[in-house]
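Notes follow the structure.
Order of the sequence lines fixes the chain letters, A, B, ..., with proteins taken first and strands second; residue numbering starts at 1 for each chain.
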Amino acid sequence: MASNYPPPFDDPVEVREGFLCPLCLKDLQSFYQLQSHYEEEHSSEDRDVKGQLRNLVQKAKKAKKKLLKREGDDRTDTGAQERYESFSYGGVDPYMWEPQELGAMRSHLSDFKKHRAARIDHYVVEVNKLIIRLEKLTSFDRTNTESAKIRAIEKSVVPWVNDQDVPFCPDCGNKFSIRNRRHHCRLCGSIMCKKCMELVSLPLASKLTSASKEALASHTSPNSSPNSIHGSRRGSISSVSSVSSVLDEKDDDRIRCCRHCKDTLLKREQQIDEKEYTPDIVKLYEKLRLCMEKVDQKAPEYIKMAESLNVGETTYNLEHANDLRVEVQKVYELIDALSKKILTLGLNEEPQPHPKTLQLQRMIRYSATLFVQEKLLGLMSLPTKDKYEELKEKRKQEMDRKLHMERQATLETQRRLEEKQKDLVSRSTAAPNGEVPYPKRGTVKKSEGWLPTSSLPRQREIADPLLQQIDNITSFIKQAKAANRLDEVRMLQENLRQLQDEYDQQQTLKAIELSKRQAEEEEMQREQLQVLREKEWEREQHKAMSQHSRTRSLDFREVKQHQHESGKENLNQIAQSLDLDTTQMKSSPSSKTPSPDAVQKQVPKENSVFPIKPREGPQYIRETDQNQTLLLNPFEDEADTSQVEDPANTLARDSSQVVSLPTKALHSDKKEYNPFEDDEEDQQTNGATVYAPNPFEDNGNSFQKSVNDQNSGNPFEGLSSTNPFEVDDNEISGEDIIEEELLLQQIDNIKAYIFDAKHSGRMDEVEVLTENLKELKRTLAKQKEKSKC
Amino acid sequence: MNVVFAVKQYVSKMIEDSGPGMKVLLMDKETTSIVSMVYTQSEILQKEVYLFERIDSLNRETMKHLKAICFLRPTKENVEYLIQELRRPKYSIYYIYFSNVISKSDVKSLAEADEQEVVAEIQEFYGDYIAVNPHVFSLNLLGCCQGRSWDLAQLSRTAQGLTALLLSLKKCPMIRYQLSSDPAKRLAECVKQVITKEYELFDFRRTEVPPLLLILDRSDDAITPLLNQWTYQAMVHELLGINNNRIDLSRVPGISKDLREVVLSAENDEFYANNMYLNFAEIGSNIKNLMEDFQRRKPKEQQKLESIADMKAFVENYPQFKKMSGTVSKHVTVVGELSRLASERNLLEVSEVEQELACQNDHSSAHQNVRRLLQNPKVTEFDAARLVMLYALHYERHSSNSLPGLMMDLKNKGVSEKYRKLVSAVVEYGGKRVRGSDLFSPKDAVAITKQFLKGLKGVENVYTQHQPFLHETLDQLIKGKLKDGQYPYLGPSTLRDRPQDIIVFIIGGATYEEALTVYNLNRSTPGVRIVLGGTTIHNTKSFLEEISASGFRGRGAESSQVTARASSRR
């Protein structure tokens, strides 16, 4: 190899050059020599000449690279190159050998089972025999029966060995005498001395017999708890000691037996115990694994989202990604808490657990930490709202450029195609009729000549085919109306209705599924709560209870709110697409914050990915119906909406303030808006608004109410797992930071929601949201204080 | 043909088969090292294996909520332990895997002990060897021979290890062995016997060219294990000693506590994987790069932790950072110690003379150089002894052999009796009389010219000019030129094509220099895959121990010359 020696060696640097044979690196003095050498020595070798040549090239490269390196050129670059090169020799690096199948193996299981079965049969018969006898011995009332009678019964159960046959104790070998008397095992009839005698207490006996009875009746035995087992054992031990002082033949509450029978019985007892008993560690561990599975499932989803968001794609919604991030992080915290709980299991108990148990607990904790570390590492951060807008804008421009190019090309071809097909299709009598729930967009377009162009760029982004269709058809309707083809309009509207029905159904199904899952999760979380409430939490409790709880509940609502929000946005979108005026109207406020267009684009997508709550469905249909039939635009005028709001808000305590302020003012002054409303009032507002005359408002509030209901249904402790103070001590700073970041993100989100809500004229929501915002800001401030000290 | 992967697959399969839940891995002494070579603790933890227990450990607690995976060698003691375990089971379910063939009667006695029906699986998984690198395996046996014949227990263990290797790679090979070595022949026969007996197991899909097992004897090349090494893996083993991928650094002056013992495993250490076959100089510069890379990262994180985003980035990068700092400190320590030893023991100069002794035939210059170094106080007695050993091996029958003079020099230098005796022991072990092939003088014209040219032109690197004898053997084998006379086939059939899958096994131990040779052969010859094995992996120290353990005691310095002559007369 043409390697030379850089320091630390001070040897003369030696680079081989000249006529080197590429195969053996022998230096030949001239080209001819080299040629003849190659022919002589290597002609017979059927080596891969190409590989050798490549080899040579690699070497040359390497040499060059080395030179570069010495000159202090980019080092990381060469490192990567080197790694790559190590795999590209003529042969194969053993690390790169193609994967092989699993090596040979041989199972002895069937053989093993055969032998075992024979043995087990024997063993089971023995045990069962003993238990049947035990049952007979305990089936009568021992305390109230004379000893002679007991003896008679005992002898009838199993024939006793003749005294004369056994002069010595078979276990210890002592000679029997008057002082060392013979005792019979009541279970097998054999003889032993007093020292070797064992006793079976009645509780143990009944436990054994009842367990076997239950097994026969194929019952699960829930009755005997581990405590009672301990009791029975202790009883048997004490009875041994007490019996030594008593020479009385009569055993009221115990049965004499030999060591072997007792051993068998004890083994049996142990088996019974084990069946019933699951230690705490197993329960906790199972939960831990469940959480890990959840992470395995959710984290990739999140990473996909974050990746897409970070390049400015609008496939996913930033808020949703945020939610998911929070969710995943919650699970991480749960894992952390659970594993910590496992770590400390039994540490405060006396006696201390076996060192191996402790080792096991430590290992579980360690692996959980590893898991969190490894997975958390992959959990990339999300762009902030502003950054995201920037990214989105950039991407949009890029896409637009591309789209423009494409469209120009396709438009040409499309036009030609249409012309060709027009008369062809029109001959077939049926225009897309109402029976088909999914009328092909292409056919509609071709036969009727309606182009869904007005919303073309937006549709590109919509993933759900149903929504796409709805969009298309609405645009068709518009065009048809413009062309004054009323029959077609009717037909299209019929189509539209069916589509919407279909969509609603779909959404409801999804929502049901989701709510089921949520219910499960909530239950699990609630279970965890009891376990997870920790010291830090208590520390916080000395603060005003109400405030604390509000923080929590608001925190929670925020999440819900968001779902609610998305539903609404969706609604807006539909309404807009139904009404031409809307877009015009929208254009003025859109300049301020996130362009509604962008939001609209995201929403339907997001729906397809994240099913919305069930209530969204019915509401939605009513909404659209309304729009269709009345052609009334709910967003026509901001003043209009605020008027509608008024009656609702008058019921609120702070209503005067709200009412007096025109929406615009509110918009700018939202920070002055009274944030010290508490939950109760909130609900009041909602309750009131339900009765508001506006059907539109009505929908919105029933919505909100259900949100609130959910809130109260879910105890706020449910969120205590998010408690940032619960984190491992050594990680505390890091976790805190993340938490802070999350808060900031949330605040951003809420600001956006407020804007949105205002835009669509939902004053009550604006209220709630503003309050949320305040709360969040307060928590953030608190956190900052805490992290400072 | 990847032996690490083969064993790893077995272990993974065991763990998978036992399903979810907390698990304990019950092993014996040998299987513990087998598993530890292919799985790291954190890796296996993620598969829910939380405890590692020895079957012979008395301090095990009953934990019925654990599943037990038993991976054991099928020895008498292990079966007995297992029987005791099954009589009073400590865990809920047992999955039993033996690393080799187990007798039917043992299965029966186990079955009879399992009264509580806790055994769910009993299988043979043939991971019965230590997988060192993908192409290198070892059996960790020291002192496998007594004199020139096998220690019987070691023979059966070696045969078991080799057959397990074949089974795990699913190869039913043709066998060739070194004719000059009796142990090689015995081993070949033993392996063949097992293959015949367990023909059902060895019934694999036939490949076009059958695989080849070549059994060699260390005594044919006693030079390689006596040389100082300059590639990373080999050097670490030579100077510090690698034991199941672990390096004991406790004797390094001023070592920090957590670096007392470090693990060098190519499986999880990217830097090591990329550098283990590079020479010391290259590693020096690579480690510098690694450090720089590390330092570039470091201050960045400490500079500005003002914004939340910065802090978050820090937290997210922290584990990676920590891991990297672990790697950096490990390799910096190891390489630092290597270079300290190299300068302290004057290894560059020593090695140069060693290489000259091993590769060139200039007696007078070699003799001069050895004498010169023996006078050097920096050269340790160990290195001095090995120089004389190399001289003795090479110029054993040279007309102007002046070994007695060198032995006197050794004595004057104060080299202990033990080492002086070893000089003659080495000659006895691997001298010309024993060697089946010529280690030093080239055999054919081509080789002669090669060597001549080498002498004329100088070599690229004085310290790594030595090529193990194995290289030539394998080269000829690959070309189909290896002489049947010297390396006969066992049995009537011979290989007509050139071999593709080759397993080389060296009785008496392989070396990391040979591992490197095989690695390079694998990389440079397309279509050929070679796996190298040995009863152990030697460095000079362990090699000399092996020689003493095998009963070559030497006869004291002064009489060695007589021995050599006497033996040559025979």
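- A:R289 and B:Y50 make their closest contact through NH1-OH, 4.1 Å (heavy atoms, listed as atom of the first residue, atom of the second, distance).
- A 4.5 Å side-chain heavy-atom check between A:E101 and B:R205 finds at least one atom pair inside the cut-off.
- In terms of non-hydrogen atom pairs under 4.5 Å with chain B, the most contact-rich of A:K114, A:Q359, A:H122 is A:Q359.
- Counted within 6.0 Å of NZ on B:K108, heavy atoms from surrounding residues, nucleotides or ligands total 12 or fewer; the atom is thus considered open.
- Within a 6.0 Å sphere centred on NZ of A:K113, other residues, nucleotides and ligands contribute 12 heavy atoms or fewer.
- Only the side chain of A:K267 comes within contact range of chain B, with at least one heavy atom under 4.5 Å from a heavy atom of that chain.
- In this structure, the side chains of A:S367 and B:E48 stay at 4.5 Å or more apart for every pair of heavy atoms.
- Note that CG of B:D114 and CZ of A:F112 are 4.5 Å apart. Values are rounded to the nearest 0.5 Å.
- Note that CZ of A:R365 and CG of B:L45 are 13.5 Å apart. Values are rounded to the nearest 0.5 Å.
- Looking at B:V118, only its backbone comes within 4.5 Å of chain A, counting heavy atoms on both sides.
- The candidate with the highest count of non-hydrogen atom pairs below 4.5 Å against chain A, out of B:Q116, B:E115, B:E61, B:E53, is B:E61.
- Neither the backbone nor the side chain of B:F98 comes within less than 4.5 Å of any heavy atom in chain A.
- Of the listed residues (B:V107, B:V101, B:V4), the one with the most heavy-atom contacts under 4.5 Å to chain A is B:V107.
- Panel note: side chain A:R116, backbone B:V119; a donor-acceptor pair is recorded below 3.5 Å.
- Distance check, rounded to the nearest 0.5 Å: CE of B:M63 to NE2 of A:H354 gives 7.5 Å.
- When atom types are taken as modelled, the side chain of A:Q100 and the backbone of B:N2 share a donor-acceptor pair closer than 3.5 angstrom.
- Contact annotation for B:N59: both backbone and side-chain heavy atoms come within less than 4.5 Å of a heavy atom of chain A.
- Looking at B:E267, the atoms closer than 4.5 Å to chain A (heavy atoms on both sides) all sit in the side chain, from C-beta outward.
- Within the 4.5 Å cutoff, the side chain of B:M22 has heavy atoms near those of the A:V282 side chain.
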One pair to check against side-chain contact (heavy atoms from CB on, under 4.5 Å): B:H65 and A:L360. What are the steps and the verdict?
CA-CA 11 Å; B:H65 46 282; A:L360 175 72; 3.9 Å; yes

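- For the pair A:L109/B:Q123, no side-chain contact is recorded, criterion being any heavy-atom separation below 4.5 Å from C-beta on.
- Contacts between B:I102 and chain A at a heavy-atom distance below 4.5 Å involve backbone atoms as well as side-chain atoms.
- The shortest non-hydrogen separation linking A:Y366 to B:Q41 is CE2-OE1, 4.2 Å.
- Judged by distance alone, with hydrogens and angles left aside, the side-chain atoms of B:Y10 form no donor-acceptor pair with the main-chain N or O of A:L102 at under 3.5 Å.
- Within the 4.5 angstrom heavy-atom criterion, atoms from both the backbone and the side chain of A:R106 approach chain B.
- Comparing A:V124, A:D111, A:T357 by heavy-atom pairs within less than 4.5 Å of chain B, the highest count is held by A:T357.
- Side chains of A:H108 and B:E124: a donor-acceptor N/O pair is present below 3.5 angstrom, by distance only.
- How far OG of B:S42 is from CE of A:M363: 10.0 Å, rounded to the nearest 0.5 Å.
- The contact between A:Y285 and chain B is made entirely by side chain atoms (from C-beta outward), counting heavy-atom distances below 4.5 Å.
- A:E286 does not touch chain B: none of its heavy atoms, backbone or side chain, sits under 4.5 Å away.
- Using a 4.5 Å cut-off between heavy atoms, B:A164 does not touch chain A at all.
- No other option in B:Q46, B:E112, B:K13, B:R60 has as many heavy-atom pairs under 4.5 Å with chain A as B:E112.
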What's the verdict on side-chain contact (heavy atoms from CB on, under 4.5 Å) for B:E121 and A:S107, showing C-alpha distance, side-chain angles and the deciding distance?
CA-CA 8 Å; B:E121 190 63 80; A:S107 176; 3.7 Å; yes

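- With a 4.5 Å cut-off on non-hydrogen atoms, B:K104 touches chain A through its side chain but not through its backbone.
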